[in-house]
J.: 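Have a look at this one before I ask anything.
For the numbers below, each heavy atom of this structure counts, side chains included, while hydrogens, waters and symmetry mates do not. Throughout, residue positions are numbered sequentially from 1 according to the sequence presented.
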Amino acid sequence: RELGASLDPGAREVARDAGLSWQCAPGRVPPAASLIHEWRDEDNLWLRISRCRGGYHLAFTAGVSFLIDGRTLIWEAAPAGSPDTIRHLLLDQALPLALSGQGAWVLHGSAVLLDGRAVLFVGDSGQGKSTLAAWLAMQGHRVLADDCLRLDDRGGDIVLRPSYPGLRMWPDAAQHVFAGKLVDMTSVASYTRKLRVATPPGAPDSVPVGRLSALRKAAGARVAVHDTTAGSVVSLIRHTFRLDIERRSDLSYDFARAAHLVTRGVVRHLEVPRDLDRPRDVERVVIADVTMARDASGRRQRESEGGRCA
């Protein structure tokens with residue numbers, strides 16, 4: 001209960017905006033009934049999602065279980081469950097899944113504020129989403145979110161709803177980026193070596209999306225941007241939180257939204273070297289790409305307005 005009272009205000013705001021609430025209520029999480037999906041980290045079982053009496057049952061092998069009952073998140077943990085672990089699973093896993101269950105569009109990735117627009121980074125585990133966001137933060141750009149990227153469609157414009165400040169990074173990556181800097185770092189969870197790196201709060205309530213970059217590792221040291229391919233929509237679906245993968249209407253909605261982003265020219269592939277020793281090069285390429293996207297969006301808007309006037 002003390003943990004629930006001390007969770008990030010930004011995360012509470014995201015939940016409140018979606019009409020969600022949470023509470024710790026031992027004994028109120030019913031047993032799983034019908035298995036929907038299993039998440040695995042390589043070959044290791046990590047999460048089971050099942051239907052149950054009252055909603056959906058999330059059973060993490062770290063010893064924390066959740067009931068998603070409509071707009072309420074209820075959790076219980078094993079006696080040995082650490083507050084850091086509960087906090088991480090609640091904010092970075094259960095909350096995005098609960099949001100998706102209410103029809104929200106939630107991607108797994110990182111986001112920073114560049115030139116007044118949100119730049120999103122998605123990719124497989126280990127591609128460097130959080131590390132890239134950390135490098136850009138060191139160049140003076142605000143971190144908007146990590147793990148939970150909630151997107152809204154406002155009259156055809158896609159906006160990001162920032163969640164809460166912080167990055168989750170491997171110790172060697174954090175040391176590489178923040179060497180010699182005084183940065184607050186704490187444990188993410190008992191089952192991982194990752195660290196939670198504090199970043200400044202105070203992000204805007206919503207930020208227009210300037211670019212969504214699907215990361216892939218560069219063969220050499222060059223940073224490069226490439227156009228999307230026919231598989232880009234499927235790639236975005238792979239990085240989308242979805243509570244119930246058997247609800248076809250939700251999956252159709254996910255495909256439609258991903259296709260909307262791709263056809264609007266918002267999505268590009270970004271190749272970054274494994275060793276980001278020259279963050280200014282990355283910053284320069286990303287800013288140039290965001291500027292190009294903004295100019296293209298402006299042209300489309302002027303052409304649309306001109307067509308209406310005609």
Side-chain angles (χ1 to χ4, degrees), residues 105 107-124 126-146 149 151-154 156-162 167 177 199 203-204 206-240 257-304:
W105 187 13
L107 299 181
H108 175 240
S110 301
V112 296
L113 184 64
L114 278 169
D115 195 22
R117 291 179 175 263
V119 179
L120 283 49
F121 304 111
V122 300
D124 294 334
Q127 288 289 332
K129 302 179 292 294
S130 298
T131 303
L132 179 54
W135 273 123
L136 291 169
M138 289 296 291
Q139 312 311 311
H141 305 289
R142 182 182 295 276
V143 174
L144 296 174
D146 193 29
L149 306 180
L151 303 180
D152 287 339
D153 187 341
R154 295 186 177 175
D157 293 328
I158 307 300
V159 299
L160 171 71
R161 299 297 305 272
L167 293 164
V177 174
T199 58
S206 62
V207 184
V209 173
R211 177 67 79 202
L212 192 156
S213 298
L215 298 186
R216 56 192 186 192
K217 292 299 183 184
R222 181 170 172 266
V223 183
V225 176
H226 300 281
D227 290 333
T228 54
T229 63
S232 297
V233 171
V234 175
S235 176
L236 289 185
I237 297 299
R238 290 179 56 241
H239 305 302
T240 299
R257 290 183 289 197
H260 176 64
L261 272 183
V262 172
T263 56
R264 284 179 62 88
V266 175
V267 182
R268 301 291 289 279
H269 291 291
L270 176 64
E271 286 190 354
V272 293
R274 288 186 178 277
D275 194 359
L276 286 175
D277 281 330
R278 292 159 49 175
R280 287 292 185 186
D281 289 351
V282 178
E283 178 189 35
R284 175 180 51 79
V285 171
V286 171
I287 288 179
D289 188 45
V290 171
T291 300
M292 182 178 69
R294 182 190 60 195
D295 293 344
S297 176
R299 285 196 299 272
R300 285 195 300 270
Q301 183 175 354
R302 289 192 295 271
E303 290 169 359
S304 174

J.: Show the nearest heavy-atom pair for residues Ala258 and Val233, with the distance to one decimal.
T.: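 Nearest heavy atoms, Ala258 then Val233: CB-CG1, 3.9 Å.
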
J.: Got a second to check how far Asp146's CG is from Lys129's NZ, nearest 0.5 Å?
T.: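 Separation between the atoms: 8.0 Å.
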
J.: What heavy-atom pair brings Leu270 and Val285 nearest, and what distance separates the two atoms?
T.: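 What the structure gives for the nearest pair is CD1-CG1, 4.5 Å.
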
J.: Decide yes or no for Arg211 and Leu114: does some side-chain heavy atom of the first lie under 4.5 Å from some side-chain heavy atom of the second?
T.: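 Not in contact.
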
J.: Does the side chain of Asp124 come within less than 4.5 Å of His239's, by heavy atoms?
T.: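 In contact.
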
J.: Is there side-chain contact between Ser232 and His269, with heavy atoms separated by less than 4.5 Å?
T.: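 Answer yes - side chains close enough.
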
J.: Any side-chain donor paired with an acceptor under 3.5 Å for Arg257 and Thr240?
T.: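 No, Thr240 and Arg257 have no side-chain donor paired with an acceptor closer than 3.5 Å.
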
J.: May I ask you to test the Arg264-Asp157 pair for a side-chain heavy-atom distance under 4.5 Å?
T.: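 A side-chain contact under 4.5 Å exists here.
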
J.: What are the two closest heavy atoms between Val143 and Ala133, and how far apart are they?
T.: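 That closest heavy-atom pairing would be CG2-O, 4.2 Å.
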
J.: Assess whether side-chain contact (heavy atoms from CB on, under 4.5 Å) is satisfied between Phe121 and Val272, documenting all intermediate values.
T.: CA-CA 11 Å; Phe121 304 111; Val272 293; over 6 Å; no

J.: Heavy-atom distance under 4.5 Å between the side chains of Leu236 and Leu212, does that happen here?
T.: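 Leu236 reaches Leu212 side chain to side chain.
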
J.: Taking side-chain contact (heavy atoms from CB on, under 4.5 Å) as the definition, give me every residue that meets it alongside Leu113, ordered by chain and number, with sequence neighbours left out.
T.: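 Expected list: Arg142, Leu144, Val207.
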
J.: Evaluate the side-chain contact (heavy atoms from CB on, under 4.5 Å) criterion for residues Asp153 and Trp105: first the C-alpha distance (whole Å), next the side-chain angles of each, then the deciding distance (0.1 Å), finally the verdict.
T.: CA-CA 9 Å; Asp153 187 341; Trp105 187 13; 5.9 Å; no

J.: Do Gln139 and Val286 touch side chain to side chain, with heavy atoms closer than 4.5 Å?
T.: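 A side-chain contact is absent here, since even the closest heavy-atom pair is not under 4.5 Å.
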
J.: Who are the salt bridge (Lys or Arg N to Asp or Glu O under 4.0 Å) partners of Arg268, not counting sequence neighbours?
T.: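 So Arg268 forms a salt bridge (Lys or Arg N to Asp or Glu O under 4.0 Å) with Asp227, Asp289.
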
J.: Taking atom CD of Glu271 and atom CG of Leu215, what is their separation to the nearest 0.5 Å?
T.: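 Reported value, rounded in 0.5 Å steps: 10.5 Å.
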
J.: Restricting to non-hydrogen atoms, name the atom on Ala111 and the atom on Leu149 that form the minimum distance, rounded to 0.1 Å.
T.: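 Looks like CB-CD2, 3.8 Å.
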
J.: Evaluate the side-chain proximity of Asp115 to Ile287: yes if any heavy-atom separation is below 4.5 Å, no if none is.
T.: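 No - every pair of side-chain heavy atoms lies 4.5 Å or more apart.
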
J.: When rounded to the nearest 0.5 angstrom, what is the spacing between OG in Ser110 and CG in Leu167?
T.: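 Reported value, rounded in 0.5 Å steps: 6.5 Å.
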
J.: May I have the step-by-step check of side-chain contact (heavy atoms from CB on, under 4.5 Å) for Val119 and Leu136, ending in yes or no?
T.: CA-CA 11 Å; Val119 179; Leu136 291 169; over 6 Å; no

